[in-house]
Amino acid sequence: MLKRLRSIFFFQESGLLLVVVLLGVLFTLKSEPATYVVMETGADGTPQPVMTTNPDGEKVPLRKERNKFLNAQSLAQLAKDTSFIGIMAVGMAVVIISGGIDLSVGAAYALAAVLAAKVMHYYGPLGDGHLMSPLSGTLLGMAVCIGTGVLCGLVNGGLVVLLRVHPFIITLGTMAIFRGIAFVVTGGQSVTDFPTTDGKMAVLQGVIKHETGNELYLVPPAVMLLVMVVGWLFLRRLAAGRRVFAVGGNEIAARFSGIRVENVKLGVYLISGLCAGISALMSLGYYGSGSSGDGNGYELDVVAAAVVGGASLMGGRGSALGAVLGALVIQMITHGIILLNIDQNYSRIIIGIAVIAAVVMDNVNTALARRRLARHAG
Amino acid sequence: MKKLLLLAVSTAILALGLTAADQPAAPKTLRFGLVAKSQSNPVFQAARVGAEAAAADLGKRYNVTIKIDWETPADEDAAKQASNIEQLVLAGESGIAVSCSDAAKVTDAINHAVKNGIPVVTFDSDAPKSDRFAVYATDDYKCGVQIMDALGKEMGGKGVVAILAGNQNAPNLQTRAKAVREEAAKMFPNIKILDTYYHKETPADAAAKVEQVMNANPQITGWAMIGGWPLFTKNALKWKPGDVKCVAVDALRDELAYLEDGHVNLLLAQRCYDWGYQSVTLLVDKIINHKTPAAAFVPSELIPVTKANLDAYKKNLDIWMPVAAPAK
């Protein structure tokens, strides 16, 4: 039993898991208690605050105390905030494993969001499209969102393969192009008013912002976990995934082994674009609007998550689980700055230091694990 | 073995945390979250100073401790603002003040806060469809009209104008830019509006944008800056003073040099210190005195600053922008 438990800790991401646990312990112990308003379901079925009488005889909402970090709502919010970056980080990990990089993910995310938003606005209550039902209009918007992400990925992959220019340059260019198209299409305006059946909440929001229990929005984190599992299966269990490692490890050797390197490269950017489209869909559903400013700067967060998660910028190393854990570590640090009431002016410094520390801890743990494995094998 | 021990300890703490008994809380401290658009824009740092000052003044008056939680994203990011507001709700804030980067993105988060019994005010840039109980802001349309009126007079009613407009998604800036264009069309038919130029709202990006546009369009004889972003850098305006007329919004310390040397003809100062001060005052009034303003829109008048009243105006800045940032 001990041997089996030991083997769990030899896997690549155990160091990151340790970091997550340590951060959780730190925030639990160090954050001040938070007061929250106790809610109940009212006669009309909507959440209402429970009222009590204060010492002055006034009716005020009943407030209780709880740990600021360790409560269901806080953890669910952390998971939700992680999901937008985490989903894209899985795609980015695949690209980085192949030896490439995709700086256009934030822009692809914005373009997918605004094009889908425009379609759904057209079939929404204020749009001119009345031939489709709200559900059909929503499904079309969802298809446009995912399809735009895939198309962006294909453009990136196609340009990298055809022009034989470093993907850093290609995706730097497409980052500006995708963002520019998003701005021209929307004129800088936020696009909202999606199809609705009850006039209160859009169909898409009803699905993605579905409330489980008391203010727990679990659909985006669930989708992130699904993307992570599919990513893990692809990279670890499918021949196509192993080819990605081969190309990233040694492109020349892979080519001489009969691997069609160009097809692999096209495929990884397609996957990155697909992940950007899925993440954009989660954002559209959660926030109910799309704008050309969405995802501004996200590419750096996504690359950081993949690298913190163990992906090597030299290629040939990385994992889907690591990418999601990397996104979680970065989000935990961001949340922790608020939880611990640290001055937000120092947030970038703290995040930078914490990211370096997390990677160092993970590398040390991996090295120690390899040494133990070698000792046991010897 | 060490990892197993760590896991066991963590599990114990987890169990403790989840089963900890709830206790009713007695509020002696009010915590207000301040969620501005970005840390890198000095006007919001001035708002923070105002909020901290109001916290000190009103705390003494009402004998409570008022703390300001500065939860502003490093760079403009409406989704991050929404997330910060959600976190402030979970943290049990007493009230929240927001300047919205994108009203559509933060409206739900604001409504969620209000639904949980946390009053919300907006300042500078509103979310009009949200459940905030008040907004303290410049009348953005009037602001745009004022800019164009002053600029048109400086230009003698003729010439070519460029509009510097910051973040293209911000509703307040969109309104100001629209007002500038409409006022020019109505009152100054001999003035041509060349274009509206957007940029990332950092001083360096704004200064670079002005330089690029001027190099490409030497025929420009007037700039309507609906925010004063480039004036927070040195030597951002390369023209000879007087060759190009310029009216800009905001008059913080770094911007005054441009007025003094004649590069800028008029600065319309937003009361950015009061964004913070009045927001906290409105929240305290709501929570302690149970009062809300008669109208949701509480106007903040602009202060025209020229060379003539510059010295009198400077006295504000020692209060608005002290040399050291306020301690948290």
Side-chain angles (χ1 to χ4, degrees), chain A residues 2 5 9 14 18 21-22 24-25 28-29 31 33-37 39 47 49 52 58 61-71 73-74 77 80-81 84 183 187-192 209 215 283 286-289 291-297 335 338-339 341-345 347-348, chain B residues 1 3-4 6-7 9-10 13-14 16-18 20 22-27 39 45 67 69-80 82-84 86-93 101-109 112 115-118 167-169 171 174 198 200 290 325 327-328:
Chain A
L2 207 60
L5 273 171
F9 290 99
S14 59
L18 247 179
V21 166
L22 284 172
V25 168
T28 303
L29 294 176
S31 54
T35 62
Y36 68 100
V37 173
M39 305 292 280
T52 185
E58 296 165 325
L62 175 65
R63 287 178 175 269
K64 289 189 174 178
E65 272 191 6
R66 65 184 173 192
N67 186 282
K68 218 191 249 189
F69 175 72
L70 207 57
N71 63 79
Q73 286 75 22
S74 197
Q77 205 221 347
K80 181 265 295 176
D81 285 343
F84 303 121
F183 178 66
Q189 307 288 328
S190 235
V191 183
T192 182
K209 210 173 174 182
E215 292 178 354
S283 168
Y286 191 83
Y287 294 111
S289 76
S291 82
S292 59
D294 289 349
N296 215 4
H335 275 230
I338 297 178
L339 283 172
N341 294 318
I342 296 172
D343 192 321
Q344 283 281 303
N345 282 350
S347 59
R348 279 177 281 197
Chain B
M1 177 53 76
K3 283 182 192 171
L4 279 172
L6 192 62
L7 198 60
V9 168
S10 308
I13 290 170
L14 199 81
L16 201 67
L18 286 172
D22 288 328
Q23 294 170 24
Q39 294 173 29
Q45 295 288 349
K67 292 187 183 175
D69 289 323
W70 173 245
E71 303 303 347
T72 294
D75 300 303
E76 283 219 35
D77 184 338
K80 187 83 180 74
S83 170
N84 285 3
E86 286 167 355
Q87 275 198 268
L88 288 169
V89 172
L90 290 172
E93 295 294 280
S101 292
D102 181 342
K105 282 271 188 312
V106 298
T107 292
D108 269 0
H112 171 70
K115 195 179 80 173
N116 278 275
I118 299 173
N167 175 10
Q168 63 265 26
N169 294 105
Q174 288 167 359
Y198 301 102
K200 211 167 150 206
H290 309 292
K328 187 151 178 143

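In what follows, every chain begins at residue 1, and chains take the letters A, B, ... in the order their sequences are listed. Just so you know, these numbers come straight off a predicted model, no measurement behind them.
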| OG/S190(A) to NZ/K105(B) distance, rounded to the nearest 0.5 angstrom? | 5.0 Å

| field | Per-residue contact mode, T72(B) against chain A (heavy atom under 4.5 angstrom) | value | backbone

| message | I need the residue from T107(B), D75(B), D108(B), N84(B) with the largest number of non-hydrogen atom pairs under 4.5 Å to chain A. | response | D108(B)

| Using non-hydrogen atoms only, which part of E86(B) is less than 4.5 Å away from chain A: side chain, backbone, both, or neither? | both

| field | N116(B) versus chain A, the contacting section by heavy-atom distance below 4.5 Å | value | both

| If every non-hydrogen atom of R63(A) is compared with every non-hydrogen atom of G117(B), which pair is closest and at what distance? | NH2-O, 3.8 Å

| message | Less than 4.5 Å to any heavy atom of chain B: does that hold for the side chain of Q77(A), its backbone, both, or neither? | response | side chain

| query | Taking C-beta and beyond as the side chain, do V89(B) and Q73(A) meet within less than 4.5 Å on heavy atoms? | reply | no

| remark: Okay, N167(B) and chain A: the region with an atom under 4.5 Å from a heavy atom over there is neither

| message | Report which part of Y286(A) has an atom under 4.5 Å of a heavy atom belonging to chain B: side chain, backbone, both, or neither. | response | both

| note | Taken to the nearest 0.5 Å, the spacing of L88(B) CG from I338(A) CD1 works out to 6.5 Å

| message | Let me confirm one number: the CG-CZ distance from L90(B) to R66(A), rounded to the nearest 0.5 Å. | response | 6.0 Å

| Is it true that D81(A) and K80(B) have a side-chain N and a carboxylate O under 4.0 angstrom from each other? | no

| message | With chain B as the partner, which of F183(A), F84(A), F69(A) has the greatest number of non-hydrogen pairs under 4.5 Å? | response | F183(A)

| field | chain B contact via S292(A) - which portion, at a heavy-atom distance below 4.5 Å | value | both

| said: Please find the pair of heavy atoms, one from S291(A) and one from D102(B), that lie closest to each other, and give the distance. | reply: OG-OD2, 3.5 Å

| What part of A78(B) lies closer than 4.5 angstrom to a heavy atom of chain A: side chain, backbone, both or neither? | neither

| query | Rounded to the nearest 0.5 Å, how far does CG of D294(A) lie from CG of D77(B)? | reply | 8.5 Å

| Can you name the nearest heavy-atom pair linking A82(B) to Y287(A), along with the distance? | CB-CE2, 3.6 Å

| field | Residue, of G92(B), A103(B), A109(B), S101(B), that accumulates the most heavy atom pairs under 4.5 Å with chain A | value | G92(B)

